[in-house]
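Sequence lines set the chain letters: A, B, ... in the order given, protein chains first and strands last, and positions in each chain run from 1.
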2 protein chains.
Amino acid sequence: MVKSVSSRFPAPVRADAEAYLAGPEEETTDPRVERLVNELIGRVADKWTLLVLEELEEKGTMRFSDIGRAVDGISQKMLTQTLRQMERDGLLTRTVHPVVPPHVDYALTPLGNSLSAAFCGVWMWAERHREAVEAARAAFDARA
Amino acid sequence: MVKSVSSRFPAPVRADAEAYLAGPEEETTDPRVERLVNELIGRVADKWTLLVLEELEEKGTMRFSDIGRAVDGISQKMLTQTLRQMERDGLLTRTVHPVVPPHVDYALTPLGNSLSAAFCGVWMWAERHREAVEAARAAFDARA
DNA sequence: CGGCATCCGTGCAGATACTG
DNA sequence: CAGTATCTGCACGGATGCCG
């Protein structure tokens, strides 16, 4: 997701440069853990992932095309990709019923449910402050 | 951010097709509001936005290049872009001190702080379940 | 110092077609 | 139905150079 081998900002005073060699369990400041957490957030805060997550949370179990119809604007390709990633991350289970025509069910795991719960605050924020953000945008655009 | 004019999934049974004409304040199901909220989440759940948000939350006020140094891997271009968007959305204030060399301070607004708080649950989730996700990935990859 | 303008590569995502 | 495979483009993001 991130290259970060590139010419980023100079870091002349990297005080915690080798701090991770000393403290083995300083969770919040260990740069390696921080990077992993950042990466995980970036992965999981993906737009389609969020929408699929919410849809499954409220509907329980859904078929492939049900999700595709419920999530506005997603393509089959992105849906497949998103579902695979989420399955890989342990967020949902994929159950194939060997019948014709094929029938595949998706459902959240407890881990997926917990993530959904964690995002609850963000959804509430978005709903509560939607108008404030729109107003801020209008004001900003008016100045420019 | 989303085209969505494209050939998405067919929606043969769109029961709530004109529901938004009837109920004026059915917040949770109004498709227009839902779209706006989704768009807002997509905007705000951006990777760089999240990282800048966290950095400003913990440091208070920061200068342009301070943020650039604190956020690992971000380029000047992306930083400028992210900061502009956040300013436009009312998440932070940009204060230019007219001295030479230029001095520009960035700080979160109350709205920005509230967003940061809303994401708190997600950060905690990521820290708490990081290992579970890694284990799930390993298991998934082993099967394939 | 804190940008903005420009060029440019590539990776993501859409469209389309095909299959078990 | 639930995918895979392939082609394509274009937008995102990196690198560089210049300016107030």
Side-chain angles (χ1 to χ4, degrees), chain A residues 1-13 42-43 45-52 55-56 61-88 92-107 144, chain B residues 1-13 42-43 45-52 55-56 61-88 92-107 144:
Chain A
M1 170 167 280
V2 186
K3 294 293 181 51
S4 97
V5 196
S6 59
S7 72
R8 61 174 189 276
F9 283 80
V13 192
R43 189 37 282 296
D46 167 69
K47 178 194 164 150
W48 297 130
T49 301
L50 281 187
L51 296 176
V52 169
E55 218 54 52
L56 279 174
T61 297
M62 295 178 82
R63 302 181 55 167
F64 181 83
S65 20
D66 288 335
I67 308 177
R69 239 168 280 118
V71 176
D72 188 55
I74 197 171
S75 65
Q76 274 127 325
K77 181 180 181 178
M78 285 290 87
L79 181 55
T80 302
Q81 202 174 105
T82 302
L83 289 172
R84 274 307 122 74
Q85 279 182 325
M86 293 176 72
E87 186 192 0
R88 190 174 108 100
L92 54 75
T93 57
R94 177 172 177 272
T95 316
V96 182
H97 298 97
V99 297
V100 331
H103 185 119
V104 182
D105 279 328
Y106 293 91
Chain B
M1 168 168 285
V2 186
K3 296 293 182 51
S4 96
V5 197
S6 58
S7 72
R8 61 172 190 276
F9 282 79
V13 193
R43 195 30 288 295
D46 167 70
K47 179 195 163 145
W48 297 130
T49 302
L50 280 187
L51 296 176
V52 168
E55 219 53 53
L56 280 174
T61 296
M62 296 178 81
R63 300 181 57 169
F64 182 83
S65 22
D66 289 335
I67 308 178
R69 238 169 281 115
V71 176
D72 187 55
I74 196 170
S75 65
Q76 276 124 329
K77 182 180 181 179
M78 290 291 37
L79 181 55
T80 302
Q81 203 174 104
T82 302
L83 289 172
R84 270 313 118 72
Q85 279 182 327
M86 293 176 73
E87 187 193 0
R88 191 175 106 99
L92 54 76
T93 57
R94 177 173 177 271
T95 316
V96 183
H97 298 97
V99 299
V100 330
H103 185 118
V104 181
D105 278 330
Y106 293 90

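- B/Gln76 has its CD atom 15 Å from the P atom of D/dC18, to the nearest Å.
- Phosphate proximity of D/dA2 to A/Arg94: absent, as no side-chain N or O sits under 4.0 Å from OP1 or OP2.
- Taking for each of B/Asp105 and A/Asp46 the nucleotide of DNA chain C with the nearest heavy atom, the 5'-most of the two is the partner of B/Asp105.
- Regarding contacts with the backbone of C/dG3, a side-chain N or O of B/Arg84 is found under 4.0 angstrom from either OP1 or OP2.
- Distance from the side chain of B/Phe64 is smallest to C/dG3 among C/dG3, D/dA2, D/dG20.
- Comparing D/dT4, C/dA13, C/dG3 against the side chain of A/Lys77 picks out C/dA13 as the nearest.
- Computed from coordinates, the B/Glu87 CD to C/dG2 P distance equals 15 Å when rounded to whole Å.
- In this structure, B/Arg63 atom CZ and C/dC1 atom C1' are separated by 7 Å, rounded to whole Å.
- Residue A/Met78 contributes atom CE, which lies 15 Å from atom P of C/dG11 at whole-angstrom precision.
- The distance from atom CD1 of A/Ile67 to atom P of D/dG3 is 9 Å, rounded to the nearest whole Å.
- Regarding contacts with the backbone of D/dC1, every side-chain N or O of A/Tyr106 stays at 4.0 angstrom or more from both OP1 and OP2.
- Dashed line: the shortest gap from a side-chain N or O of B/Ser75 to OP1 or OP2 of D/dG13 is not under 4.0 Å.
- Whole-Å rounding puts the A/Arg69 CZ to D/dA2 P distance at 8 Å.
- Annotation: side chain of B/Leu79 is in contact with side chain of B/Ile67 (closest heavy-atom distance under 4.5 Å).
- The side-chain heavy atoms of A/Tyr106 and A/Thr61, taken from C-beta on, include no pair separated by under 4.5 Å.
- If you take CH2 of B/Trp48 and C1' of D/dC12, they are 13 Å apart, rounded to a whole angstrom.
- The residue A/Pro101 sits close only to the backbone: its heavy atoms come under 4.0 Å of sugar-phosphate atoms, none of a base.
- Contact check for B/Glu87 versus B/Thr93: no side-chain heavy atoms found under the 4.5 Å cut-off.
- No donor-acceptor pair closer than 3.5 Å links the side chain of A/Thr49 to the backbone N or O of A/Ala45.
- A/Asp105 has its side chain within reach of A/His97: a pair of non-hydrogen atoms, C-beta onward, lies under 4.5 Å apart.
- A/Gln81 places its CD atom 14 Å from the P atom of C/dG11, with the value rounded to the nearest Å.
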